[in-house]
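Below is one structure; the comments refer to it alone.
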Amino acid sequence: MDIFSAGFLNYLIALGTMSGIYAVLCLGLNLQWGFAGLFNAGIAAFFAIGAYAAAILTTPESPNHLGGFGLPVVAAWPVAMLLSGALAWAIGRICLKVQGDYLAMATIGIAEVIRLVIKNEEWLTAGTRGISNIARPFEALPTPWNALAFLGLVAALVAGIYWAAERAWASPWGRALRAIRDSDVAAAAIGKDVTQFRLEAFVLGAMVMALAGALSAHYFKFLGTTATEPMMVTFLVWVMLIVGGSGNNRGAILGAALIWVIWSATELLTNRLPGEWITRTSYIRVLLIGLLLQIVLQRFGKGLLPERPPRMIDDRPKSG
Amino acid sequence: MAALSDFINLYLLPGLVVGCIYALGAIGISLLFGILRFAHFAHGDMMTLGAYLAIIFTASLGWSPYAALPIAVVGTAIVALALDRAFYKPFRRSAGIVTVIASFGVMLMLRSAIQLIWGVDVKTYDIGIRFPMEFGMLKIAPRQVTIVLVTAALVVALHLFLSRTRLGKAMRAVSDDPDLARVSGINVEQVVRWTWIIGAGLAAAGGVFIGIQTKVHPNMGWDLLLPLFAAAVLGGIGRPYGAVAGGLAIGLCQELATYPWFSDQPFVAPGYKPAVAFSVMVIMLIWRPTGLFRGRVF
């Protein structure tokens, strides 16, 4: 294989872009699970809301679905994030008091309901036909610069969210969240509003997930019901965060990149197999991903990059 | 508005049958939550597994699914014990939520294994067309009677087990207070094993009933998960009898919600049946998180 060929370069760019989108998702989940210990089993719901909001707001008018708003991409993303945040707020208000497994059940429920809405409300989402003609930023540039520029945009967003998440991790807000995560009773006893902090982390995480959804809609330029597939969104992101190291923002990014590279590289391998085997091996890949999750959980419970407490405030070098 | 006979034959009876199937799954979720303190996300896939194990015998040996049912139940219980040993036991002493993540992984593995072995096509048991029995305006299919009766028998058996046998009483003790149970000499691991056997066995029976009632496909476990959880929450988590009532209630709610109550159109479009289960769950979480039967909230 000629590693300098255009095809290989495109493959690398695609690999990087997808890793970046998954990294955004992972950082969002880390805000909820790593920071606050909130189990979100419905990542797909917030991802889908972001994706569909961005697609509907930016596409030209179409008889197949709601649209014709013609918003510029940068204006649609905040709206997408706000919508997802509002949904998370509603769910959080109901479920965060009773925590733990209940939140997991409720988020699975909301993901299923969103999936049903997308499938059934054709006037809104075009159902299984999907939304096409979604604009991708920089697509007017010549190849490969258009793809590279989009990769750059994704990378910049990952960097920005990483920076903000790191700041949050060291901030009093992040410390309070970790205290609540490790013992909500103790945190409540020193006067922290446990439900409020959890709600904030949950809403923020959901907004970041919506951004990932919007990015993927613009990247693929097409959005169908497969975008809400629990396997490709919810499970894969959980595996990424657990493998990378929950509670560690760098771990979230590393896990996203690593698992995505494994996932797509194995696809490259299995696609060379004879026809009948291709479908079969795709299940073997899922099986192995599940097994990988179990092994990491049991043997390396903290992931590749374990959580580290931020530096104590007193340790900072004094200036002057 | 449709005629009363349609209401009974097309909404009430199917709701009852679906409710029985949900009850069989929800009992396991509720028992496991009571004993092991975690929401078992792979429980729907246990039902799928039961349904597919029965297919081995109906497809190759031409058995009736009712004859294959006991084997499916035993097979699923064995698989559940093996899965517990490999993937859940290492987390007995850690926080429940880690076990939930592990059950996420098990769900993934079970489903892909089923897809690998049996493929992704929809399958049926080939029981042929049986004409419904008519009692006046009632039209009841024989399989509906069987499903309801077998479920009732299983629930009675479960009740006798929990209330009369030593093991059943130990199980309730562990559910109430695991530490107290342990210091009073109850073999907690034995209780856990029997919880898996009962929970997975009942789930497998429910899965076979789904196959008898409609069809079998690898993703059905995922579709079942939401109504099962809703049933367990409605009945009060950790309360097996509550799970039976919750399952019946969710099944009936889902079917009756599609009845044209106020106009010629279904009140809730049939495509939104799972959303009914979700609504019931949300209402319970707001109004009474302990469930109708005063389960516990962790």
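Proteins come first, then strands; the chains are lettered A, B, ... in the order of their sequence lines, and each starts at number 1. Quantities reported herein were computed from a predicted structural model and do not represent experimental measurements.
- Closest non-hydrogen pair, Phe41(B) versus Ala41(A), comes out as CE2-CB, 4.3 Å.
- Neither the backbone nor the side chain of Ser282(A) has a heavy atom closer than 4.5 Å to any heavy atom of chain B.
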Worked verdict on Ile101(B) versus Phe39(A) for side chain to side chain contact (heavy atoms under 4.5 Å, CB included):
CA-CA 9 Å; Ile101(B) 302 179; Phe39(A) 192 94; 3.3 Å; yes
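- At most 12 non-hydrogen atoms from other residues, nucleotides or ligands lie less than 6.0 angstrom from CZ of Arg93(A).
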Evaluate Ile108(A) against Met281(B) for side chain to side chain contact (heavy atoms under 4.5 Å, CB included), listing each step before the verdict.
CA-CA 12 Å; Ile108(A) 261 207; Met281(B) 182 161 86; over 6 Å; no
Cut-off 3.5 Å, no hydrogens considered: what does the side-chain donor-acceptor table look like for residues 286-300 of chain A, sequence neighbours left out?
| unit_1 | atom_1 | unit_2 | atom_2 | d |
| --- | --- | --- | --- | --- |
| Gln294(A) | NE2 | Ala102(B) | O | 2.9 |
| Gln298(A) | NE2 | Ala86(B) | O | 2.9 |

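- Heavy-atom pairs under 4.5 Å with chain B were tallied for Met231(A), Arg285(A), Glu121(A); the largest tally goes to Glu121(A).
- Residues of residues 249-258 of chain B placed with any heavy atom under 4.5 Å of a heavy atom in chain A are absent; none qualify.
- Evaluation of the side chain to side chain contact (heavy atoms under 4.5 Å, CB included) rule for Leu116(A) yields Asn120(A), Tyr272(B), Pro274(B), Ala275(B) as partners, not counting sequence neighbours.
- The distance from the CD1 atom of Ile237(B) to the CE atom of Met105(A) is 3.5 Å, given to the nearest 0.5 Å.
- Heavy atoms closer than 4.5 Å to chain A are found in both the backbone and the side chain of Phe38(B).
- Nearest heavy-atom pair across Gly109(A) and Leu226(B) is CA-CD1, 3.4 Å.
- For Trp222(B) and Phe235(A), the ring centers sit closer than 6.0 Å to each other.
- Qualifying side chain to side chain contact (heavy atoms under 4.5 Å, CB included) partners for Arg178(A), counting only residues two or more places apart in sequence or in other chains: Trp169(A), Arg175(A), Arg181(A), Glu307(A), Pro310(A).
- When each of Asp223(B), Val233(B), Leu108(B) is scored by its heavy-atom pairs under 4.5 Å with chain A, the top score falls to Leu108(B).
- Interface summary for chain A: among Ile97(B), Val120(B), Leu225(B), Ile286(B), the most heavy-atom pairs under 4.5 angstrom belong to Ile97(B).
- No more than 12 heavy atoms of other residues, nucleotides or ligands shown are found within 6.0 angstrom of NZ on Lys302(A).
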